[in-house]
Amino acid sequence: MFNKILIANRGEIALRIINACRELGIKTVAVYSEADKNSLPVKFADECICIGPSQSNKSYLHIPSIIAAAEITGADAVHPGYGFLAENANFAEVCKSCGLTFIGPEPEHIRLMGDKAVARKTVMKKNVPVVPGSKGGVSDIDEMKSLASEIGYPVILKASAGGGGKGMRVVWNEDELLSQFETARTEALSAFGNDEIYMEKYIVNPRHIEIQIVADKYGNVVYLGERECSIQRNHQKIIEEAPSVALTDELRKAMGQAAKKVASAIGYLGVGTVEFLLDSDGNFYFMEMNTRIQVEHTVTEEVTGIDLLKLQILLANGEELNLKQRDIKISGHAIECRVNAEDPKTFMPSPGKIEAFHPPGGPGIRIDTAAYAGYVVPPFYDSMIAKVIAYGKDRKEAISRMKRALEMFLIEGIKTNIPLHLAILEDKRFLEGDINTHFMEDFFKRNEILSS
Ligand code: MV4
């Protein structure tokens, strides 16, 4: 087993990794920026090293400093968490060449899934359903016109190097095609330094459903059910839950097997997530694969009883998966609300000093956070300061626990989006489970009407 893991991340996920390492008897090294010197990961890790100034580019994204910290402390593995360098194939490669185990899949698999057009082509070859569209990149306008009329408008143009919603353009008719293509290409080039674009049929009002998979180096792959992630704004998820009310056991199995096929096809290692779009007729389509531990892994942990962080570390160490598909039982219901330091009306970040902080507890409530009373939320990073995870025997109980937990989550000194969460938890369509990727836009329209 690893002796010492360096955590190349900050905030709640750095603490979550420390939890897992402590339970496994592995020592930890926290790296931190100047803005994070008073953070809990720094306090609770066995060792810590400052890797640079506050800006991410000079600290959490600065590969030479992180590698130097690993060498100085004698760490034998690096956990990247999510965000920052978690899906940077080059970083995974550098770790490897320095004799450090990168806790994640092979660099080639990060790279493959990072190119969304290549991922699409790879998955298509394995007979996993993908949205009708181009085989790879598109560039010739006449070819694009004939493909678009073949699959039918609307179509969506996406950046091959993108993902997570950046650089996407919906095209409603042929007249818009050329101008939208030019815009998409320009945006892709400036955002990713790569202007390749591919085309898909645009699915109207889909659900975003993702399947958690785990894989060992001996070719064993198991799926751990789904997460419903449709409630998002500007491609930032707000609430996730497991299981999804939209899936029958039959559909769950079909999507699980499709996700498993993706992982098996490439010899994937560790934890991963296969994202699908589910249309209103119950058809699902592969969209992307995330090669990291995700923010919302918690809801899967709650309904399966599996500690995904510990499992991820064991799998990276080359251990055999101690689970069979038939061992996986989804029981009860879990919901995660992401608590952000932001104005609930304008969504502007609200960094600053937390004057009072009392997280709720009690049956079925889990809080993953690195915040505390007196902590100063820095302005340099993501605004998420806590995840509230409610578990119940069913969705109704999970929702009622979430409500009372959020009502009693005392945070003073900064603004948070807790009022927004409470409003969503009262929303009729949310309560009915009638959600899709446009839920938040519709929610704001409904509430505009109500408040005017
Ligand atoms: C789509 C789509 C509809 N049809 N692709 C947004 C994030 C990126 N991963 C892909 N996204 C979408 N791709 C086709 N062919 C709708 C979205 C989409 C979306 C997907 C998941 C969660 C939220 C979303 C919000 C708007 C659009």
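Counting starts at 1 for both ligands and their atoms, in listed order.
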For ligand 1, indicate whether the residue L277 contacts it via side chain, backbone, both or neither (heavy-atom separation under 4.0 Å).
side chain
Considering only the protein, which heavy-atom contact is closest to [atom], and what is its distance?
| atom | value |
| --- | --- |
| atom 19 (C) of ligand 1 | T437 CG2, 3.9 Å |
| atom 11 (N) of ligand 1 | M168 SD, 3.5 Å |
| atom 27 (C) of ligand 1 | H235 CE1, 3.9 Å |
| atom 10 (C) of ligand 1 | M287 SD, 3.4 Å |
| atom 4 (N) of ligand 1 | I203 N, 2.9 Å |
| atom 21 (C) of ligand 1 | H208 ND1, 3.1 Å |
| atom 9 (N) of ligand 1 | E288 OE2, 3.0 Å |
| atom 16 (C) of ligand 1 | Y202 CE1, 4.1 Å |

Electrostatic pair [X]-[Y], nearest N-O below 4.0 angstrom:
| X | Y | answer |
| --- | --- | --- |
| D327 | K324 | no |
| R338 | E296 | yes |
| K428 | E432 | yes |

Within the 4.0 Å heavy-atom shell around [X], which atoms of ligand 1 are there?
| X | result |
| --- | --- |
| E200 | 5 (N), 14 (C), 15 (N) |
| K201 | 4 (N), 14 (C), 15 (N) |
| V131 | 15 (N) |

Heavy atom of K237 under 4.0 Å from ligand 1?
no
Are N317 and T101 close enough, and set up right, to give a side-chain contact (heavy atoms from CB on, under 4.5 Å), and what steps lead you there?
CA-CA 8 Å; N317 190 45; T101 302; over 6 Å; no
Evaluate whether atom NZ of K116 has more than 12 neighbouring non-hydrogen atoms of other residues, nucleotides or ligands under 6.0 angstrom away.
yes
Tell me whether the count of non-hydrogen atoms from other residues, nucleotides or ligands lying under 6.0 Å of NZ in K403 goes above 12.
no
Examine P206 against ligand 1 and note whether any of their N/O atoms are separated by less than 3.5 Å.
no
For this output row, return yes or no: ring centroids of F357 and F409 closer than 6.0 angstrom.
yes
For the residue pair R233 and F347, would you count it as a cation-pi contact if the rule is NZ or CZ under 6.0 angstrom from the ring centre and within 45 degrees of the ring axis?
yes
So Y223 and F276, ring-ring contact (aromatic ring centres under 6.0 Å, His included) or not? Walk me through it.
CA-CA 14 Å; Y223 58 88; F276 294 97; over 10 Å; no
By the salt bridge (Lys or Arg N to Asp or Glu O under 4.0 Å) test, which pairs, at least two apart or in different chains, include something from residues 79-97?
E87-R292, E93-R111, K96-E106
Which is closest to atom 13 (N) of ligand 1 by heavy-atom distance: E210, H438, R233, K158?
K158
